Amino acid sequence: MDLMTDKIQDEQRQGEAYAPFAGDPNQYRRKFYIESYGCQMNFSDSEIVASILNESGFGATRNHEEADLVLINTCSIREKAEQTIRKRLSEFRKTKEQKPGMLVGVLGCMAERLKSKFLEEEKLVDIVVGPDAYRSLPGLVEEAETGQKAVNVLLSREETYADIAPVRLNTNGVTAFVSIMRGCNNMCTFCVVPFTRGRERSRDASSILAECRNLYERGFREVTLLGQNVDSYYYTKDDETPITFAVLLERVAAISPDLRVRFSTSHPKDITDDVLHTMAKHENICKYIHLPVQSGSSRILQLMNRTYTREWYQAKIDRIRQILPDCGISSDIIAGFCTETEEDHQDTLSLMRYSQYDFSYMFFYSERPGTLAQRRYRDDIPEDIKKRRLQEIVELQNTLSRISNEKELGRTYSVLIEGNSKKSEREWMGRNSQNKVIVFPKEDDNLQPGSYVNVTVTDCTKATLLGKIVSP
Ligand code: SAH
Ligand code: SF4
Ligand code: F3S
């Protein structure tokens, strides 16, 4: 699997120019350009923004230089994420100098964190909009067109954009993200998300089901249900029975056996046996859980306010292996949190070995203004130590991923084809249920993106499995 240091990961996730080609691009009077950074929720939000802008007469362009409105959907999770965005904004400034009428808007978490301070710090910015205020974007654009600076960073307890049909951006036509909730009520002390995204709220279950059904009817074959903490999904309406995450999963899975269902992210404290049994019951719910551990030391976990211990986490891993023996598991890990000792760090390494992760996202701790950790603790681990520990974590994960991939040799999986492989038009790329990427030569002309095919794994590279098609 692909193993990433903080740097590589940020590069991988950063800036994708989006070009929705919904309908005739000439039907729109003006053009917008949007670039997204950060987590899948942000990418999903950009699809809501595209829909809102389409409604108010803006069509998308892939080229920011020809846009009337340039938007950047930002992330605040680590300091480096914010630096990347500032660098990009300075590039937009150059374009704006040539084209003074162009408006620049900052959306997302960094907009929410910095609010109108953004306007002082980055002179080229005309519009600042937080994650719960996207419906006001057309009004803010109008305001900005009169030469005023326009800001809306109000957070909401209700907004879920349930009624907005996202315009799928940069789509492969096979896989799509569906947002099922917003915000986060956990107060992990290192994390800025509760401040930038506000209180947790669950989206109306019937609107989620309608969106998934519609995707299926349009040929999509995989939906990923998104939330910061999907296991705490809970939707109640009048006197109908409340819908938990397990119930929601079951209902999405029932749309069609040909529609794969994935979800992210699970919090170790909240994932229930109910969810695991629902996964076991339905072939089309993918056997893959992203279960971020953050640290292997119970003392550090407590300082992080993760509300579980090392032993609790190990018991969750055991439970997953017991109920879902073939489940892929991945993690997020932070190196060098406040007061972390060598012994704590060794605990992280040993918990990684215990969990046998197929894949991890690994970071060194980056102090974020306003978080509980920033207010309560000292960021006391020197950067060289943080980086050395991160390096050890990355190296161990490399080994674990290699072991995990080597185990796959000779196994046969049902693979959903997503498109051509990056390297060659003569090869397909798809994933198995466990979320591993498999690349294999095209053989049967009847196959296309969205088809399922059985593939036997014949080889692997560090990042990918290689295989060949076998008859069912
Ligand atoms: N809701 C998800 C995580 C969202 S943020 C969860 O609870 O797991 C994605 C990841 O970024 C986190 O899991 C964490 O590993 C990392 N992260 C968050 N804040 C960070 C910080 N201040 N420094 C370094 N990594 C951080
Ligand atoms: Fe951040 Fe914790 Fe919420 Fe995840 S669960 S978004 S890490 S506060
Ligand atoms: Fe970044 Fe905001 Fe997501 S801080 S990780 S874009 S919720």
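Note that ligands are numbered from 1 as they come in the structure, with each ligand's atoms numbered from 1 the same way. These numbers were taken from a predicted model, which means no experiment stands behind them.
- The salt bridge (Lys or Arg N to Asp or Glu O under 4.0 Å) test with D132 is passed by exactly one of R157, R197, R182: R182.
- The one candidate from Y235, Y234, F263 that meets the ring-ring contact (aromatic ring centres under 6.0 Å, His included) condition with F245 is F263.
- Heavy-atom proximity to R368, at under 4.0 Å, picks out these atoms of ligand 1: 22 (N).
- Within the structure, the closest approach of S76 to ligand 3 falls below 4.0 Å when heavy atoms are considered.
- When heavy-atom distances to ligand 3 are checked against a 4.0 Å cut-off, R197 comes that close only through its side chain, counted from C-beta outward.
- Checked against the 6.0 Å centroid threshold, H290 and Y361 count as a close aromatic pair.
- Within the structure, the closest approach of M110 to ligand 3 does not fall below 4.0 Å when heavy atoms are considered.
- Not a single salt bridge (charged side-chain N to carboxylate O under 4.0 Å, His left out) links D318 to another residue, sequence neighbours left out.
- Among protein atoms, those of element N, O or S found less than 2.8 Å away from atom 3 (Fe) of ligand 2 are C184 SG.
- Note on K387 versus E383: salt bridge recorded, some NZ/NE/NH1/NH2 to OD/OE distance being below 4.0 Å.
- Taking backbone and side chain together, C75 holds no N, O or S atom under 2.8 Å from atom 2 (Fe) of ligand 3.
- Within the listing of ligand 1, atoms 11 (O), 16 (C), 17 (N), 23 (N), 24 (C), 25 (N), 26 (C) sit less than 4.0 angstrom from a heavy atom of R78.
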Contacts table for residues 102-111: side-chain donor-acceptor under 3.5 angstrom, sequence neighbours left out:
none

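- For ligand 2, the atoms closer than 4.0 angstrom to any heavy atom of F190 are 7 (S).
- Among residue pairs with one or both ends in residues 274-300, those qualifying as salt bridge (charged side-chain N to carboxylate O under 4.0 Å, His left out) are E250-K281, R299-D344; sequence neighbours excluded.
- A cation-pi arrangement is absent between R368 and F190, since the terminal nitrogen or guanidinium carbon is not both under 6.0 Å from the aromatic centre and inside a 45° cone about the axis.
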